[in-house]
Amino acid sequence: MNIVLSGVKPTGIPTLGNYIGALRNFVKLQNEMPNAEFFFFIADLHAITVPQDPKVLKQNIKNLAALYLACGLNPKNLTLFIQSEVKQHSEMGYIMQSISYMGELERMTQYKDKVQKQVTGVTSALFTYPTLMAGDILLYDTRYVPVGDDQKQHLELARDLAIRFNNRFGNTFRVPEELISKTGARIMDLQNPTKKMDKSDDANKGCIFLLEPINSIKKKIKAAVTDSEAVVRYDKENKPGISNLMTIYSALTNLSFEDIESKYEGKGYGDFKGDLAEIVAAEIEAIQNKFNEIISSPMLDELLDKGREKATMLAQRKIQKVYKKLGLGR
Ligand code: TYM
């Protein structure tokens with residue numbers, strides 16, 4: 001059985017970057033791989049690596065659960081769960097800490113970036129975050145992990161730790177493979193297109209949130225930073241703004257960059273941005289409509305209960321095997 005697993009942190013409202021780089025691909029994979037099993041979770045333990053307001057966190061967890069479904073995941077072939085409700089995640093995270101080295105965690109670029117921005121109050125959980133993520137993946141004998149580009153290094157660590165454990169203690173974990181899509185694995189900030197679009201940047205004009213008013217989304221796209229050449233052409237180095245918008249366009253319409261270039265030949269950025277604003281707005285409006293139905297439906301809690309049960313059963317089986325291999329307990 002091939003298991004496809006991924007998680008999203010409930011910090012703030014998911015962005016267009018989360019949607020294109022992750023959530024939308026989850027739905028695509030579910031359609032393309034009818035024989036695989038799909039495990040998606042709300043990574044709330046990961047969220048508390050930086051300070052969270054408990055009330056807001058609780059709301060974000062529920063919103064994210066509903067958004068997974070609103071984006072189009074089929075609940076019939078879905079184990080949807082909340083990470084903290086499956087206690088084995090914390091246990092496996094600790095086991096992963098015990099076989100990882102300070103040096104390899106210090107090399108994680110996401111940690112280094114965050115530390116640079118934050119300076120004080122960096123938690124030790126932020127440092128060990130990739131070991132928790134490795135545990136999330138290895139608990140379920142995951143075959144494929146669909147993620148955006150920024151998670152690549154964390155996934156490599158998960159692979160290294162699986163191989164290391166298997167070598168030391170005998171075959172225990174399946175070594176997971178990353179699934180990173182060619183287009184849209186890194187959507188950039190609309191105001192600062194050399195920086196990743198990030199949901200932690202609240203109230204940012206360069207970030208589109210899946211639950212923000214449609215008008216505001218359109219405005220942000222029309223106000224996105226471009227360049228003075230006024231030619232719709234993909235050139236990531238010299239024209240990062242328009243290239244990012246073309247990436248969004250391409251991801252949502254399946255048109256290639258060449259198709260988009262010829263479609264807008266001789267036209268300015270205004271036409272292009274106007275069309276893109278409509279494309280993004282239509283996609284997000286459909287998600288918001290479904291979200292509004294799901295968020296108040298009892299089906300959501302039922303699905304999360306079922307997800308917790310199934311995940312716990314599998315995770316418990318794995319953690320017992322791991323404890324035995326390690327010689328823990330009686
Ligand atoms: P998180 O919550 O930061 O992001 C969720 C997913 O969205 C992708 N992503 C993006 N893709 C394209 N462009 C962007 N600007 C962009 N921003 C985010 C991320 O790559 C990710 O796929 N550590 C993870 C959550 C996690 C996880 C796991 C994932 C915890 N355990 C186990 C996979 C497997 C995270 O912080 O994602």
Side-chain angles (χ1 to χ4, degrees), residues 3-26 29 38-50 52 57 60-61 63-64 67-68 71 81-84 86 89-90 92-93 96 108-111 113-114 125-126 128-140 142-159 161-162 176-201 204 206-210 240 244-245 247-248 250-252 311 315:
I3 289 189
V4 179
L5 170 140
S6 199
V8 178
K9 282 192 310 260
T11 45
I13 300 296
T15 67
L16 184 63
N18 296 130
Y19 179 63
I20 292 177
L23 292 159
R24 194 167 182 271
N25 289 332
F26 302 167
L29 290 169
F38 292 85
F39 282 57
F40 294 116
F41 64 97
I42 294 120
D44 56 348
L45 293 172
H46 279 91
I48 59 165
T49 54
V50 292
Q52 300 292 333
L57 178 60
N60 284 341
I61 291 171
N63 286 347
L64 180 53
L67 271 170
Y68 267 112
C71 288
F81 63 96
I82 299 171
Q83 185 187 29
S84 65
V86 181
H89 283 256
S90 307
M92 192 63 100
M96 292 296 129
M108 294 289 135
T109 51
Q110 206 173 58
Y111 170 74
D113 289 351
K114 287 198 171 162
L126 192 62
T128 56
Y129 174 117
T131 54
L132 180 61
M133 178 161 162
D136 298 336
I137 298 167
L138 302 185
L139 265 178
Y140 301 99
T142 303
R143 171 95 192 252
Y144 298 115
V145 187
V147 281
D149 189 41
D150 61 341
Q151 298 300 320
K152 197 177 167 65
Q153 205 186 16
H154 294 160
L155 219 66
E156 275 158 18
L157 179 79
R159 287 172 56 86
L161 295 179
E177 296 165 41
E178 63 182 32
L179 285 183
I180 297 182
S181 65
K182 282 187 209 87
T183 317
R186 183 175 287 257
I187 300 297
M188 310 308 270
D189 186 286
L190 301 181
Q191 288 299 317
N192 183 1
T194 54
K195 182 182 146 295
K196 171 184 90 160
M197 187 182 281
D198 192 351
K199 59 174 141 33
S200 324
D201 300 338
N204 184 333
C207 187
I208 290 180
F209 299 97
L210 294 184
N244 184 41
L245 296 179
T247 303
I248 296 171
S250 169
L252 296 184

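Every number for a ligand or one of its atoms is a count from 1 in the order of the listing.
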Item to check | ligand 1 N/O within reach of Asp136 N/O, cut-off under 3.5 Å | outcome: yes
Checklist entry - Of all the atoms in ligand 1, which lie at a distance below 4.0 Å from a heavy atom belonging to Lys196? => result 15 (N)
Checklist entry - Do Arg24 side-chain atoms and Cys71 backbone N/O form a donor-acceptor pair below 3.5 Å? => result no
Next on the checklist: Under the criterion side-chain contact (heavy atoms from CB on, under 4.5 Å), I'd like the reasoning laid out for Ile248 against Leu190: C-alpha separation, chi angles, the key distance, then a yes or no.
Outcome noted: CA-CA 11 Å; Ile248 296 171; Leu190 301 181; 4.2 Å; yes
Checklist entry - Mind checking whether Tyr68 and Phe40 have parallel, tilted or perpendicular rings, split at 30° and 60°? => result parallel
Item to check | Check: Ser6 N/O within less than 3.5 Å of ligand 1 N/O | outcome: no
Checklist entry - Tell me, which protein residue and heavy-atom name are nearest atom 25 (C) of ligand 1, and how many Å apart are they? => result Gly7 O, 3.5 Å
Checklist entry - Should Ala22 be counted as touching ligand 1, given the test is an N or O pair under 3.5 Å? => result no
Next on the checklist: Run Asp189 and Asp198 through side-chain contact (heavy atoms from CB on, under 4.5 Å) and show every step you take.
Outcome noted: CA-CA 7 Å; Asp189 186 286; Asp198 192 351; over 6 Å; no
Checklist entry - Between the side chain of Gln52 and the main-chain N/O of Ala47, is any donor-acceptor distance below 3.5 Å? => result yes
Checklist entry - Can you tell me if Thr15 and Asn18 form a side-chain donor-acceptor pair at under 3.5 Å? => result yes
Checklist outcome for this item: Between Ala185 and Ile180 the two heavy atoms that sit nearest each other are CB-CG2, 3.5 Å
Checklist entry - Which word best sums up how the rings of Phe81 and Phe41 line up, parallel for under 30°, tilted for 30 to 60°, or perpendicular for over 60°? => result parallel
Next on the checklist: I'd like to check whether Met197 has a polar contact with ligand 1, where a contact means an N/O of the residue lying under 3.5 Å from an N/O of the ligand.
Outcome noted: yes
Checklist entry - Any nitrogen or oxygen of Ile187, main chain or side chain, under 3.5 Å from a nitrogen or oxygen of ligand 1? => result yes
Item to check | For Tyr129, atoms of ligand 1 separated by under 4.0 Å from a heavy atom | outcome: 23 (N), 24 (C), 35 (C), 36 (O)
Next on the checklist: Heavy-atom pairs closer than 4.0 Å: do any link ligand 1 to the side chain of Ile137, the backbone, both, or neither?
Outcome noted: side chain
Checklist outcome for this item: Looking only at protein heavy atoms, what sits closest to atom 5 (C) of ligand 1 is Asn18 ND2, 3.5 Å
Checklist entry - Run the side-chain contact (heavy atoms from CB on, under 4.5 Å) check on Lys199 and Lys9 step by step: do they pass? => result CA-CA 10 Å; Lys199 59 174 141 33; Lys9 282 192 310 260; 4.0 Å; yes
Item to check | Contacting atoms of ligand 1, where contact means under 4.0 angstrom from a heavy atom of Gly184 | outcome: 12 (C)
Next on the checklist: For atom 22 (O) of ligand 1, what's the nearest protein heavy-atom neighbour? Residue, atom name and distance, please.
Outcome noted: Gly148 N, 3.1 Å
Checklist entry - For Lys199, is the nearest heavy atom under 4.0 Å from an atom of ligand 1? => result yes
Checklist outcome for this item: If you compare Lys9, His154, Arg186 by their heavy atoms, the one closest to atom 3 (O) of ligand 1 turns out to be Lys9
Checklist entry - Any N or O of Gln151 that comes nearer than 3.5 Å to an N or O of ligand 1? => result yes
Next on the checklist: Considering both backbone and side-chain atoms of Gly17, is one of its nitrogen or oxygen atoms within less than 3.5 Å of a nitrogen or oxygen in ligand 1?
Outcome noted: yes
Checklist entry - Any idea which atoms of ligand 1 are less than 4.0 Å away from a heavy-atom of Val8? => result 2 (O), 5 (C)
Next on the checklist: Within ligand 1, which atoms have a heavy atom of Ala185 less than 4.0 Å away?
Outcome noted: 11 (N), 12 (C), 13 (N)
Item to check | Check: Leu210 and Asn63 side chains under 4.5 Å, non-hydrogen atoms | outcome: no
Checklist entry - Can a non-hydrogen atom of Val145 be found less than 4.0 Å from any atom of ligand 1? => result yes
Item to check | Worked verdict on Phe38 versus Leu29 for side-chain contact (heavy atoms from CB on, under 4.5 Å) | outcome: CA-CA 9 Å; Phe38 292 85; Leu29 290 169; 4.0 Å; yes
Checklist entry - Could you go step by step and tell me if Tyr111 and His154 meet the ring-ring contact (aromatic ring centres under 6.0 Å, His included) rule? => result CA-CA 10 Å; Tyr111 170 74; His154 294 160; 10.0 Å; no
Checklist outcome for this item: Near Asp150 (heavy-atom distance under 4.0 Å), the atoms of ligand 1 are 18 (C), 19 (C), 20 (O)
